[in-house]
Amino acid sequence: RMFTIIETPLPVAGGTRSVTANPCIYVDHLVVRYTDRPESGSVPITFTALPGTITALVGPSGGGKSSLFAALLGFAAPSEGRVSIGDEDLGDVDLTAWRERVGWLPQNPRLVDAELESEPTVRGCVDIGRGLSDSEITDALTRAGLTDEVTLDRTLAADGSGLSIGQRQRLALARALAGNPQVLLLDEPTAALDGNSEAIVIEAITAAARAGAVVIVVAHRPALVDASDQIVLVQPSMSSTEQQQDALLMQASIPGQRGW
């Protein structure tokens, strides 16, 4: 899969250990800090993400949710705590093999890579060089609610122009869903979507969880939070009274306060 991480601290070399099928993900008192910003980092995060469930990460912007995803993908080493995949510490795992099991939707997905296709198409955007069959790609587009809106051979502009915001987001989701990954990491998958597109995306996410995937989402919108099985509050290490107040307001606004 194609990953683009900006300002990634301390890349993890990885190991050689394999991971069992459908593993649980354990995050134990995790903190990720950037070397050029020692004051960065969240309050230590602890949770367990099980197959067949949706975990929603909530909290103020800049609290460390994207850094947590970087750690889960093995692009950032923990400054404190650890990430375990099943019985294995992520630092001991073959990261290439691990990432092949993960479907990732970044906050600002890049739809087209000119190095992969001189004339980018929907097929190539979803496949991104993985060798997926047309049936696998069509299945992913169907789950993202796009089969009636785009064709496999439709040419795409580099900036995604010609597609609506909702179509771009759902196309990026189809890419994450393609091949039925065992783990889905989705950074604000419903951001900037209208109600209809949001409902389609949430149904695709819940269907993936029902099929046995571990799903972890960064969520701000209530509908996605409400669809989750547990909620994990991610907040920055408190450097100001204002940040503390923001985190408390966020905590108070989440229905049910599940999973803390």
Side-chain angles (χ1 to χ4, degrees), residues 1-2 49 51-58 65-66 69 101-112 120-128 130 132-157 159-232 254-256 258:
R1 299 179 191 276
M2 178 174 56
T53 66
I54 301 172
T55 298
L57 307 178
V58 302
K65 298 180 291 294
S66 295
F69 272 8
R101 300 191 183 194
V102 178
W104 184 48
L105 174 63
Q107 189 172 16
N108 297 299
R110 181 180 179 183
L111 292 182
V112 171
T121 62
V122 168
R123 177 188 286 105
C125 172
V126 176
D127 182 29
I128 54 171
R130 291 175 286 179
L132 298 173
S133 67
D134 281 359
S135 62
E136 289 177 302
I137 294 171
T138 299
D139 173 68
L141 292 171
T142 299
R143 286 186 283 161
L146 280 171
T147 46
D148 294 333
E149 301 177 34
V150 299
T151 63
L152 294 184
D153 293 320
R154 176 171 175 173
T155 302
L156 298 174
D159 60 356
S161 58
L163 298 175
S164 70
I165 292 175
Q167 287 174 326
R168 294 180 206 178
Q169 192 77 354
R170 285 183 285 137
L171 186 57
L173 176 64
R175 181 165 61 195
L177 294 171
N180 298 311
Q182 296 173 359
V183 177
L184 284 172
L185 303 179
L186 310 174
D187 197 341
E188 297 194 59
T190 60
L193 297 184
D194 60 31
N196 182 61
S197 295
E198 179 182 48
I200 291 171
V201 168
I202 290 175
E203 172 55 32
I205 293 170
T206 55
R210 288 196 300 267
V214 177
V215 181
I216 304 176
V217 300
V218 172
H220 290 297
R221 296 175 64 160
L224 184 55
V225 173
D226 192 56
S228 66
D229 298 290
Q230 69 170 338
I231 299 170
V232 176
I254 298 170
R258 297 164 290 169

Checking side chain to side chain contact (heavy atoms under 4.5 Å, CB included) for the pair Leu152/Thr138: CA distance, chi angles, key distance, verdict?
CA-CA 8 Å; Leu152 294 184; Thr138 299; 3.9 Å; yes
Working to the nearest 0.5 Å, report the span between [atom1] of [X] and [atom2] of [Y].
X	Y	atom1	atom2	answer
Arg154	Leu156	CZ	CG	7.0 Å
Ile202	Asp226	CD1	CG	8.5 Å
Leu171	Glu149	CG	CD	10.5 Å
Thr55	Leu185	OG1	CG	10.5 Å
Arg123	Ile128	CZ	CD1	15.0 Å

List the atom of [X], the atom of [Y], and the distance in Å for their closest heavy-atom pair.
X	Y	result
Leu193	Gly166	CD2-CA, 3.4 Å
Cys125	Leu111	SG-O, 3.1 Å
Leu57	Lys65	O-CD, 3.8 Å
Ala178	Val126	CB-CG1, 3.8 Å
Leu132	Gly179	CD2-CA, 4.4 Å
Pro181	Arg101	CB-O, 3.2 Å

Has the side chain of [X] got a donor or acceptor atom that lies under 3.5 Å from a matching backbone atom of [Y]?
X	Y	result
Arg130	Asp127	yes
Ser228	Val225	yes
Ser133	Glu136	yes
Arg170	Gly145	yes
Gln167	Ser164	yes

Quick note, salt bridge (charged side-chain N to carboxylate O under 4.0 Å, His left out) partners involving residues 208-217, not counting sequence neighbours, are Glu203-Arg210
Query raised in the report: Is it true that atom CG of Asp134 has more than 12 heavy atoms of other residues, nucleotides or ligands lying nearer than 6.0 Å?
Result: yes
Would a 4.5 Å heavy-atom cut-off, applied to side chains only, mark [X] and [Y] as touching?
X	Y	value
Leu163	Val150	yes
His220	Val58	no
Val215	Thr53	no
Glu188	Leu105	no

Side chain to side chain contact (heavy atoms under 4.5 Å, CB included) with Leu186: of Ile54, Leu173, Val218, Ile216, only one passes, and it is Leu173
By side-chain hydrogen bond (donor to acceptor under 3.5 Å, both in side chains), Asp187 pairs with (sequence neighbours left out) Ser66
Q | Flag for Asp139-Thr142: side-chain donor and acceptor within less than 3.5 Å | A | no
